[in-house]
Amino acid sequence: MEVRVRYAPSPTGLQHIGGIRTALFNYFFARAQKGKFILRIEDTDQERSSEESIQDLYETLNWLNIVPDEGPVQGGPYGPYIQSERTKLYKDYANELIEKGKAYKCFCTSDRLDALREEQTAAKSKQIGYDGKCRNLTQQEITALENEGKPFVIRLKVPKEGKTTFHDLLMGDITRKNSDVNPDPVLLKSDGFPTYHLANVIDDHSMNITHIMRAQEWIPSGPLHILLYEAFGWTPPLYCHLPMVMGKDGKKLSKRHGSTAVKDFREIGYLPEALLNYVSMVGWSYDDKKEFFTEDELCELFSLEKINKAPGVFDYKKLDWYNGMYIREKSDIELVKLLLPYMQSANYISQKADEEEMKKLFSIIPLVKERLKVLSDVTEMVKFLYTEDEVEDATLLLPKKQTLLETYQALKGAYEILLQYKDQQDEVIEEHLMQLSSSLNLKVNGVFMPIRVSVTTSSVSPPLFDSIRALGWDKALLRIEHAITLLETEVKNG
RNA sequence: GUCUCCAUCGUCUAGUGGUUAGGACACCGGGUUUUCAUCCCGGCAACGGGGGUUCAAUUCCCCCUGGAGAUGCCA
């Protein structure tokens, strides 16, 4: 039988790490099994669903190169894959359940439900939830309430006795007493939209989904869903509940841990292959050797058996490491393309990006390539090449444990050397600067650092001579002159 | 409160009824180097506790503890 899995997010916010991890695992599993990956949109929450979220979903999947076999974009053989366009189906099925005596209309107001829950919580009641008030309304009572135009929901009649078990491919059998399952959960809301439970079960069944891979937070709902399948007389699919993705504090990953929206990662300058690779390693591994996987490899090698049961912490630093590794694997030309948007948004390069600008960008790639953790780092790194900033604080020019006067002498001496030997090989210039440092009885760094800071306004920069060449000798020398003047003034002022 | 699930270095993990419990990130040292970074070398660091089963348990079972999730007209 062909494997059919789905990713079924609700568009109530930006796609985040946890969601995308679920999407990835489903996608890899489908590919590895030569099955189908289906994308379905569960926009049954009219309050929170938004078009923006749907666009973000498409953009994110596209960025990660996850292409659904069936789904909203391409359409599919089972009608629309957007739940808000399938409401009649859910309503019909809910009514079918009423006819079968498996569900009933409930006219309780939200206010009553809120008060009830509060009461139960305060009383530390054993079970918190609906008390079944409307479960046994007579037909006359129901008709009367309907004639009054009272809004209602449809609730499932959860059996009071017995227990329900489902098998999880990862966890094994999971059993709950029916009396512990959510008491008579709402299936159809008063606005005519289905709840997750109803829509999900109907769609998974009607779209012939074979494996449900979703986050472990759904485990407690498993028995409820089985009850629904049984009420309809359907065979449930196979379940595989994926370990959750947590933040450093062990709690469900959320904004307070840092960025969680894939869009943020994309904008900061994480490469899709790095994010995809790392996210796939949270909760899954291949062996104790291989840690770099292309999307194609994952599509081939992914297997359920290697999924970990325990939740995993999302490690931003490890993601950085992966990203740096992937950046360094890029060719200079690829990197130019990737970096260009960041240079443009910093206004270092014009929107039209003429040939000269591109040539300059290309020339500085080797300076930054092995220093980038994320693409957006580039602007700070090359700032000195694109702005006219100069050092304005003499103390910044001072290397550790070196006096003002020593630094002044060092930089002045260095300036002369640079002026004289600038057309020579790096080694020649370097040799002369080293001689200078020893003649002044300074550390090598005592000569190089002031130059570096003068030219780049930072004690951290790409290699000095490369930086100077990228800037141009004339400009560099002018900046050094400026720094010398600065030091000179300070020396005179004591 | 009740229910469900989980448990190897700080983190992601490999692994087995008998191993010096392996790797990666992070961290700390050292080397290369004019800074940073890259790169190379080295170090730190784990089977939560208690009972069983067994000749032998990190591994199998039970309890405890700890953590997480669920308890919505959100998903």
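Only heavy atoms go into these numbers, but all of them, side chains included; no hydrogens, no water, no symmetry mates. Just so it is clear: chains get the letters A, B, ... in the order the sequence lines come, proteins before strands, and each one is counted from 1.
A close approach under 4.0 Å does occur between a side-chain nitrogen or oxygen of A:K306 and OP1 or OP2 of B:G15. Dashed line: the shortest gap from a side-chain N or O of A:R371 to OP1 or OP2 of B:U38 is not under 4.0 Å. Taking only side-chain nitrogens and oxygens, A:R48 never comes nearer than 4.0 Å to OP1 or OP2 of B:C73. Side-chain N/O atoms of A:N308 include one lying less than 4.0 angstrom from OP1 or OP2 on B:A14. In terms of phosphate contacts, A:R452 brings no side-chain nitrogen or oxygen within less than 4.0 Å of OP1 or OP2 of B:C36. Neither OP1 nor OP2 of B:A24 sits under 4.0 Å from any side-chain N or O of A:K318. Look at A:S285 and you'll find a side-chain N or O under 4.0 angstrom from OP1 or OP2 of B:A14. Residue A:K289 places none of its side-chain N or O atoms closer than 4.0 Å to OP1 or OP2 of B:G15. Dashed line: the shortest gap from a side-chain N or O of A:K189 to OP1 or OP2 of B:C74 is under 4.0 Å.
Atom name C1', nucleotides B:G18 and B:U54: the rounded distance is 12 Å, in whole Å. Rounded to the nearest Å, the gap between the C1' atom of B:G15 and that of B:G72 is 43 Å. Here the separation of B:C9 from B:G52, taken at their P atoms, is 26 Å to the nearest Å. B:C73 and B:U13 have their C1' atoms separated by 42 Å, with the value rounded to a whole Å. Atom name C1', nucleotides B:U58 and B:U20: the rounded distance is 15 Å, in whole Å. Only the C1' atoms considered, B:A45 is 15 Å distant from B:G29, to the nearest whole Å. Nucleotides B:A21 and B:U4, compared at atom P, are 37 Å apart to the nearest Å. Between B:C25 and B:A14, the distance separating the two C1' atoms is 15 Å to the nearest Å.
Checked by distance alone, A:S190 brings a side-chain donor or acceptor within 3.5 Å of a matching partner on the base of B:C73.
A:R40 forms no cation-pi arrangement with A:Y7, by the criterion of a distance under 6.0 Å to the ring centre and an angle within 45° of the ring axis. The cationic atom of A:R469 (NZ for Lys, CZ for Arg) does not lie both less than 6.0 Å from the six-membered ring centre of A:F465 and within 45° of the ring axis. Judged by the 6.0 Å and 45° rule, A:K330 forms no cation-pi pair with A:Y326.
Between A:V378 and A:M343 there is a side-chain heavy-atom pair separated by less than 4.5 Å.
Residue contacts shown for A:V153 include a base, since a base heavy atom lies under 4.0 Å away. Here A:M434 lies out of heavy-atom contact (under 4.0 Å) with every strand. Using a 4.0 Å heavy-atom cutoff across all strands shown, A:F193 reaches no nucleic acid atom at all. At a threshold of 4.0 angstrom between heavy atoms, the contacts of A:P462 include nucleobase atoms, whether or not backbone atoms are also involved.
Pair assignment for B:U2: B:A70, on the basis of Watson-Crick or G-U wobble contacts that are both within less than 3.5 Å. Searching all strands for a Watson-Crick or G-U wobble partner of B:A7 with both distances below 3.5 Å returns B:U65. A 3.5 Å limit on both hydrogen-bonding distances identifies no Watson-Crick or G-U partner for B:U38. As the counterpart of B:U19, no nucleotide is assigned, since no Watson-Crick or G-U wobble pattern has both distances under 3.5 Å.
Looking at residues two or more places apart in sequence or on another chain, you find a side chain to side chain contact (heavy atoms under 4.5 Å, CB included) between A:H211 and A:V3, A:V5, A:F29, A:L169, A:L238.
Lacking a ring centre under 5.5 Å from that of the base six-membered ring together with a plane angle below 30°, A:W321 does not count as stacked on B:C25.
Atom CZ of A:F152 sits about 7.5 Å away from atom CG of A:L188, to the nearest 0.5 Å.
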